[in-house]
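The chains referred to below are lettered A, B, ... by the order of the sequence lines, with proteins before strands, and numbering in each begins at 1.
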Protein chains: 2
Amino acid sequence: MPEPVSATRREELLAIAAGLFAEKGFKNTTVRDIADAAGILSGSLYHHFDSKESMVDEILQTFQTELFGQYEDIIAGDLDPLAKLERAVVVSFETIDKHRDEVAIFQNEAAYLLTFDRFSYLAERNRQSREVWLTLLQGGIDAGVLRDDLDLELTYRFIRDTVWVAVSWYRPGGRHTHTEIARQYLSILLEGIHHHA
Amino acid sequence: MPEPVSATRREELLAIAAGLFAEKGFKNTTVRDIADAAGILSGSLYHHFDSKESMVDEILQTFQTELFGQYEDIIAGDLDPLAKLERAVVVSFETIDKHRDEVAIFQNEAAYLLTFDRFSYLAERNRQSREVWLTLLQGGIDAGVLRDDLDLELTYRFIRDTVWVAVSWYRPGGRHTHTEIARQYLSILLEGIHHHA
DNA sequence: TACATTACCAAGCAATTGCTTGGTTGGGAT
DNA sequence: ATCCCAACCAAGCAATTGCTTGGTAATGTA
């Protein structure tokens with residue numbers, strides 16, 4: 001197993017931990033599991049990190065900074081409302097493709113991690129995410145390009161859930177690329193599955 | 001092996017356990033948590049049940065028997081294809097309303113529980129669920145009432161995910177009834193959010 | 001040569017876990 | 001009056017948990 005020259009040992013260990021946290025859950029992954037996967041003893045992990053919590057913390061912070069930066073760029077950009085919404089969906093699926101473990105951890109463990117003070121920033125991220133989607137949807141409605149007879153909150157949840165839950169089954173190299181999935185999901189979301197003559 | 005004792009106390013304890021499993025996860029809920037919530041000592045649970053696994057087993061089996069029975073009724077019924085699909089969505093939201101804890105446990109813990117032999121029937125239920133939705137979708141396509149340009153597998157996942165993930169935020173007595181949520185979700189699914197003149 | 005740094009090992013501790021064992025209580029049937 | 005039995009308690013065991021401690025080996029750098 002050749003290792004990327006650029007990856008420090010620290011980043012390697014974080015990637016291993018992320019894979020296990022995503023697959024088995026945070027609480028259900030022991031420091032011995034992580035150490036075994038890395039080929040070292042559990043105690044040796046504490047040369048690199050303070051605690052198991054610090055590992056998942058670093059994993060989540062890194063990817064969230066990147067993701068929310070992209071959302072901000074979209075909103076601040078000059079695309080038309082519909083294109084902005086489409087772009088946000090595509091970016092989300094790109095993130096699922098590029099940061100599958102991190103997204104899975106955020107999806108599955110956020111509720112549990114929020115019981116610790118040090119992870120209270122996750123609640124802020126959720127609030128931020130809601131604002132992004134509501135802003136994009138309202139923009140489309142104001143421009144007359146989206147239906148105005150739907151409950152905005154329900155529509156937001158519909159989109160959010162549909163996009164992120166795909167991380168539970170999407171695998172790179174599967175029968176659909178993330179681009180193709182985004183395209184079809186957008187088609188259903190915008191046009192519906194009903195046949196229009 | 002303790003057998004049915006006072007059916008009511010047994011059901012009480014199962015309901016308490018289900019609430020905790022749904023809220024905190026199976027592995028992350030201790031037998032002491034369950035006992036505390038029931039106002040007894042942890043050892044006393046073993047008068048009613050063999051193990052923690054037996055509890056979650058009984059919880060899942062009971063509700064799945066009911067749910068899949070309803071799906072079978074719909075497919076065997078004489079509604080037209082579109083109405084069958086709509087009915088299946090409505091029944092699913094009714095189930096989320098009526099068996100919130102059980103659905104949440106199935107959604108969140110199935111992957112973990114499947115690592116134990118005794119829960120292999122959960123994989124069979126997943127297969128069964130996929131067949132139900134694919135049958136309903138194919139029926140609509142054959143009847144010319146649903147679009148035939150979408151990937152069937154992706155459409156199935158879209159519907160499945162959208163319906164069941166709602167259990168993560170739906171609360172009875174919230175601002176939307178499960179009937180209202182089903183209605184709006186169906187509207188988006190069938191017609192899309194795009195504004196059609 | 002002397003020292004520093006990085007990455008790890010070996011051993012184990014305190015807390016928590018699921019579960020076991022033997023015993024107690026109180027209401028209902030005989 | 002006696003007995004039964006469902007429901008529980010009190011105590012604790014063995015395994016697993018996150019994490020600590022003190023040390024070692026290899027690779028630098030002065």
Of all the choices, D/dC9, C/dC9, C/dA7, which nucleotide is nearest to the side chain of A/Arg9 once you look at every atom?
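Among D/dC9, C/dC9, C/dA7, the one nearest the side chain of A/Arg9 is C/dA7.
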Would you say [X] places a side-chain N or O within less than 4.0 Å of OP1 or OP2 belonging to [N]?
X: B/His47; N: D/dC9; value: no
X: A/Arg10; N: C/dA7; value: no
X: B/His48; N: D/dA6; value: no

### Query
Quick one: do the A/His176 and B/Glu153 side chains pair a donor with an acceptor below 3.5 Å?
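Distance-only check fails for A/His176 and B/Glu153.
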> Relative to B/Tyr170, does B/Arg100 satisfy both conditions: NZ or CZ under 6.0 angstrom from the six-membered ring centre, and within 45 degrees of the ring's axis?
Replying inline: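 Not satisfied by the 6.0 Å and 45° rule.
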> Is a side-chain N or O of B/Arg10 found less than 3.5 angstrom from the main chain of B/His48, in a donor-acceptor match?
Replying inline: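 Present.
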* Measure the distance from CG on B/Leu41 to C1' on D/dA10 and round it to the nearest whole Å. =>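 Computing the B/Leu41:CG to D/dA10:C1' distance gives 7 Å.
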Whole-Å distance separating the CG atom of B/Leu13 from the C1' atom of D/dC8: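 Rounding to the nearest Å, CG of B/Leu13 and C1' of D/dC8 are 11 Å apart.
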Pairs satisfying side chain to side chain donor-acceptor pair (under 3.5 Å), at least one member in residues 79-94 of chain A, at least two apart
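Of all non-adjacent pairs touching residues 79-94 of chain A, those that pass side chain to side chain donor-acceptor pair (under 3.5 Å) are A/Tyr71-A/Ser92.
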Over 60° means perpendicular and under 30° means parallel, so tell me whether A/Trp169 and A/Tyr185 are parallel, tilted or perpendicular.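 Correct class here is tilted.
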**Closest contact, heavy atoms only, B/Leu13 versus B/Ala38** =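 Reported closest heavy-atom pair: CD2-CB, 3.5 Å.
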B/S/- along nucleotides 13-25 of chain D (protein heavy atoms under 4.0 Å) is ----BBBB-----
